[in-house]
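Lettering follows sequence order; numbering is per chain, from 1. Being a predicted model, the structure only gives us computed values, none of them experimental.
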2 protein chains.
Amino acid sequence: MTDHTSEPRDIADTTRRRTGGRAARQAARAHAAIQSQPFLTRKLAPYEVLSEEGLALLEQNADTILEEVGLEFRGDPDALTLLAAAGADVQGERVRFPRGMCRRIVQASAPAEFTQHARNPARSVRIGGNHTVFAPNYGSPFVRDLDRGRRYGTIEDFRNFVRLAWASPNLHHSGGTVCEPVDLPVNKRHLDMVDAHIRYSDKPFMGSVTHPERARDTVEMAKILFGDAFIQENAVVISLINANSPLVWDSTMLGAARAYAENNQATIITPFILAGAMAPVTAAAVCAQTLAESLGGMTFVQLVRPGAPVVLGSFASSMSMQSGAPTFGTPEPALVLYAMAALARRLGVPFRSGGSLCASKVADAQAAYESANTLQPTILAGVNFVLHAAGWLEGGLTVGYEKFIMDADQCGMMGVLADGIDLSENGQALDAIRANGPGQHFLGSAHTLANFETAFYRSEVADNNSFEQWQEDDSLDAPQRANRIWKKMLAEYEQPPLDPGVDEALRDFIARRKAAFPDSDV
Amino acid sequence: MTDHTSEPRDIADTTRRRTGGRAARQAARAHAAIQSQPFLTRKLAPYEVLSEEGLALLEQNADTILEEVGLEFRGDPDALTLLAAAGADVQGERVRFPRGMCRRIVQASAPAEFTQHARNPARSVRIGGNHTVFAPNYGSPFVRDLDRGRRYGTIEDFRNFVRLAWASPNLHHSGGTVCEPVDLPVNKRHLDMVDAHIRYSDKPFMGSVTHPERARDTVEMAKILFGDAFIQENAVVISLINANSPLVWDSTMLGAARAYAENNQATIITPFILAGAMAPVTAAAVCAQTLAESLGGMTFVQLVRPGAPVVLGSFASSMSMQSGAPTFGTPEPALVLYAMAALARRLGVPFRSGGSLCASKVADAQAAYESANTLQPTILAGVNFVLHAAGWLEGGLTVGYEKFIMDADQCGMMGVLADGIDLSENGQALDAIRANGPGQHFLGSAHTLANFETAFYRSEVADNNSFEQWQEDDSLDAPQRANRIWKKMLAEYEQPPLDPGVDEALRDFIARRKAAFPDSDV
């Protein structure tokens, strides 16, 4: 164990004594287990920002882009052959699609929703429909916490975030590159990352996409865990395939997508668009281009293996016109998110977008406004798969330990919001109002007592005490409270048991792969 | 001038030199003038969390409460006479309403929307329909800033917040008790508060409600400003009338409401409900009770003067089940807000709710998550009058200078969100996509250059620079940046000119009233 994890464990030992030892921990876990759902099922209808007519216009524009401008599929002659055979007009690497072709192919075979299996079946998630799955931050080279500030991520940080995601009742998924383990060679770190997801969590996870070979390694490790036959029939890995916007799919992403699709594993086909750079500055243009690019990518996947699960992804940010830097939590990407969610519903595929995005360097008010301004549309638009739901800072360059805790708490609130208003007799509570009458408070009423435990979401992070009590409790701000929480969670973390045969086979596979070629940082 | 205001003015003088003197200030004002709108007109449709059937059920329950339980109208025999004459069943102070009576009376005469006039006609606001008006914090005894921490509010703080609201392009209204000027006697401070709104702002403002006599003073001052004849035909003051929930209207509030209604001035009839204390814990019960209480209050106002503008208000918070303290930014009050907005639309009156509410003691991430979680539903539900849009901290006990600046910036973002997606040809930007083609960025494209200035909301508070640049700029967090902004705004503030005759008449009125009775702290 490194210094890093031993430190929080010691601190948390103190907390443990304060809060009453093993019995209290067990009670807390039992409580979390009751609240914890493997995924959300929203009762609220999605919010629509465009009319049917407006959405149809964006679909027409996507078709116009696909027909007149086309997409480039670079460095992958097999992809060009496949697309030409399906009816596309291929000239060099430029592929133009007759109007409606992509939509027809995607709708013919892509599932509207699917299950991604976890090694613990109770934690399998349903992706699509009115379900929402929260997954942690993805792809940050830096990590930050209040004790050590900002630094490059390591495999120990990676494992910590896997542990924290596992222990968070409001996160449903272990995610993928929760941070970049920069201390490991680029060409082998995927083995340790996938290993960490399998070993330190029993929630579903994501696979490597940085090279087709690494995608195949992920599939091999999934076979060890689930069995070859099982994965050919079931999605057990989901992976993030980004377009090289505008209008380009490159060989790395096409190769990774193929590796997963050939094995019936799920992919999230995501144009990543900084409006003004990778697309025009306007929301309607970002939407049409996103739809065109994702349709092209999903068509490729369906041609590789009809029926392989695909998710339409949209990642759009606005831009600081002063510096050219991406901005988050602003209104323009929220509008894109709402429109893209509606377009995915009309297409009939699951949708990925949103999260707890922000540009702030630290877990301050800017970070929280921006994250909430992203997470609210995420839940109200009805996003099905939410990457970056917890931890994201600094435009994704950094994942923060305290930010992770605060965001996960917000995800819990979104779950309650998505449940909508209870109109049962207990919810209406007319008898309670009748019984009390004017001027009588409800603190001791039978209805209040009966609903006391579950009436309101209980935040672990928020301080709702009086000013005087808060001062007595050291006047901590939210990140300082979150700092105590993640240390306690890591201290109390207990690894979910892994079948010894699987354990040995995984170790063996990783050792063989690592020995098969030299380390490289490319 | 007190030490307090001289301090920020000195600091801001430095800023002024840095940014290029008078010409730069004038340019900045011209820019603000272009962006500043007197109020928002939302293009987005309101978000609905309940079906027609669900809303009808809540209306039935409100009618059941009004019919079976009734409301108490305390200490106001004239109100009882008025209600009995209109058909209510009055027994003692308990008033029961036949089903549908309140709705019928309110719908017969209360305007669906109305204009509140400002002394500067360009700043008059439209309240109701698809319009939204942002007004600052209301009612806090404490103020907080980074330099001096938390302390009791003074009249100089009050004037500062009036100045800041005036100078904020994204706040449309001067508000009312922006903080309590605790340094002035309770029975006279309303004169200085109304005077500050008239003198230091030309945006519309709110009146005193702490005693019927103080409401009448407000009306007299409004007459001096607008003329007697004008105010009898037009709303120039809007005032906050809170129920004493559950199910009680008290004599102070009834007296203040009567004083305004008799003079055709607007009132916001607001049940203030901490769920679990003033109503049952469940959202459906809070909604039905809120509707019943506000219907009773609005009925009273319409009987006093048919056609006097009334706004249906809802202020609901959830409760910490550990401490009994109110909590904000949680999902339950958001659901109440959405449902109440729909109920107000069905009734056909303007709606007040929401704001930038939080329980946090400081302007940290908790404050921002909670505020954004309130402001998002505020705009998406289509709230017409938003009190507490900027500055609120600590459950309303404190108004923060830095929080005020950060919240006002968020209000600006909500304005852009409410505009929805531009589907014009320029918005679609198909030609820009055609011209660029795959792999070519849009930074220098003609469409980007043409839309550069207005493409994205520009936050004054957010830092979107690189980590390195941010470090070079002293690694400030959002409140530290906001601290610089409010000081600069106060330093650059220039009082809008007031007619000398009005000025003299106001001073004379205030002097006479202050001399008419001894100071008192009740």
Side-chain angles (χ1 to χ4, degrees), chain A residues 47 49 54 61 65 69 72 247-248 276-277 280-285 318 320 323 325 327 330-332 335 359 361-366 368-369 372-373 376 406 413 416-417 420-421 423 427-430 432-434 438-439 441-443 447-448 451 455-457 462 464-465 467 470 477-478, chain B residues 44 47 49 54 61 65 72 247-248 276-277 280-285 318 320 323 325 327 330-332 335 359 361-366 368-369 372-373 376 406 413 416-417 420-421 423 427-430 432-434 438-439 441-443 447-448 451 455-457 462 464-465 467 470 477-478:
Chain A
Y47 182 49
V49 300
N61 289 354
I65 295 167
V69 186
E72 283 189 9
L247 306 178
V248 174
V281 289
T282 46
S318 51
S320 160
S323 67
T327 61
T330 49
E332 299 86 1
L335 291 167
K361 268 56 78 180
V362 290
D364 66 348
Q366 179 185 341
Y369 281 120
N373 285 346
Q376 285 272 344
M406 298 194 300
M413 296 203 200
V416 175
L417 183 66
I421 294 182
L423 291 178
Q428 295 178 60
L430 264 183
I433 296 173
R434 283 193 186 98
H441 73 67
F442 288 78
L443 292 168
H447 183 269
T448 303
N451 289 276
F456 303 122
Y457 179 78
N464 296 305
N465 290 329
F467 179 77
W470 173 76
D477 65 12
Chain B
L44 290 184
Y47 181 51
V49 301
N61 289 354
I65 294 167
E72 284 189 8
L247 306 178
V248 175
V281 290
T282 46
S318 49
S320 160
S323 68
T327 62
T330 47
E332 299 86 2
L335 291 167
K361 267 58 78 181
V362 290
D364 66 345
Q366 179 186 342
Y369 280 119
N373 285 347
Q376 285 273 343
M406 299 192 301
M413 295 202 201
V416 175
L417 182 66
I421 294 182
L423 291 178
Q428 294 178 60
L430 264 182
I433 296 173
R434 283 192 185 99
H441 72 70
F442 288 77
L443 292 170
H447 183 268
T448 303
N451 290 276
F456 303 122
Y457 179 78
N464 295 304
N465 290 328
F467 179 77
W470 173 77
D477 65 13

Is the side chain of B:N464 donor-acceptor paired with the backbone N or O of A:T327 at a distance under 3.5 Å, no angle test? no

For the side chain of B:Q366 and the backbone of A:D477, is there at least one donor-acceptor N/O pair under 3.5 Å apart? no

For a 4.5 angstrom cut-off between non-hydrogen side-chain atoms, does A:T330 reach B:V416? no

B:A277 versus chain A, heavy atoms under 4.5 Å apart: side chain, backbone, both or neither? both

Heaviest contributor of heavy-atom pairs below 4.5 Å to chain B, chosen from A:G54, A:A462, A:A283, is A:A462

Pairwise side-chain contact, A:V281 with B:F456, heavy-atom cut-off 4.5 Å (strictly under): yes

Relative to chain B, which of A:N465, A:V362, A:T448, A:L443 shows the most heavy atom pairs under 4.5 Å? A:L443

Could you pull out the closest heavy-atom pair between A:F467 and B:K361, with the gap in Å? CD1-CG, 3.5 Å

Could you have a look at A:A372, A:S320, A:A368 and say which one has the most heavy-atom pairs with chain B under 4.5 angstrom? A:A368

For chain A, the option from B:Q376, B:H441, B:E72, B:H447 that forms the most heavy-atom pairs under 4.5 Å: B:Q376

Of the non-hydrogen atoms in B:I433 and A:A285, which two are nearest, and what is the gap between them? CD1-O, 4.1 Å

Closest non-hydrogen contact found for A:A284 with B:L423 is CB-CD2, 4.0 Å

Flag side-chain contact, heavy atom, 4.5 Å: B:L417 against A:V49: no

For chain B, which of A:I65, A:N61, A:N451 has the most heavy-atom pairs under 4.5 Å? A:N61

Heavy-atom closest pair (A:T282 atom, B:G427 atom, distance to 0.1 Å) is OG1-O, 2.7 Å

Tell me, side chain or backbone of B:S318 under 4.5 Å from chain A's heavy atoms, or both, or neither? both

Proximity breakdown for B:E332 and chain A, heavy-atom pairs closer than 4.5 Å: side chain

With chain A as the partner, which of B:A478, B:A365, B:A359 has the greatest number of non-hydrogen pairs under 4.5 Å? B:A365

Contacting moiety of A:L430, where chain B heavy atoms sit under 4.5 Å: side chain

For residues B:M406 and A:Y369, report the shortest heavy-atom separation together with the two atoms involved. CB-OH, 3.5 Å

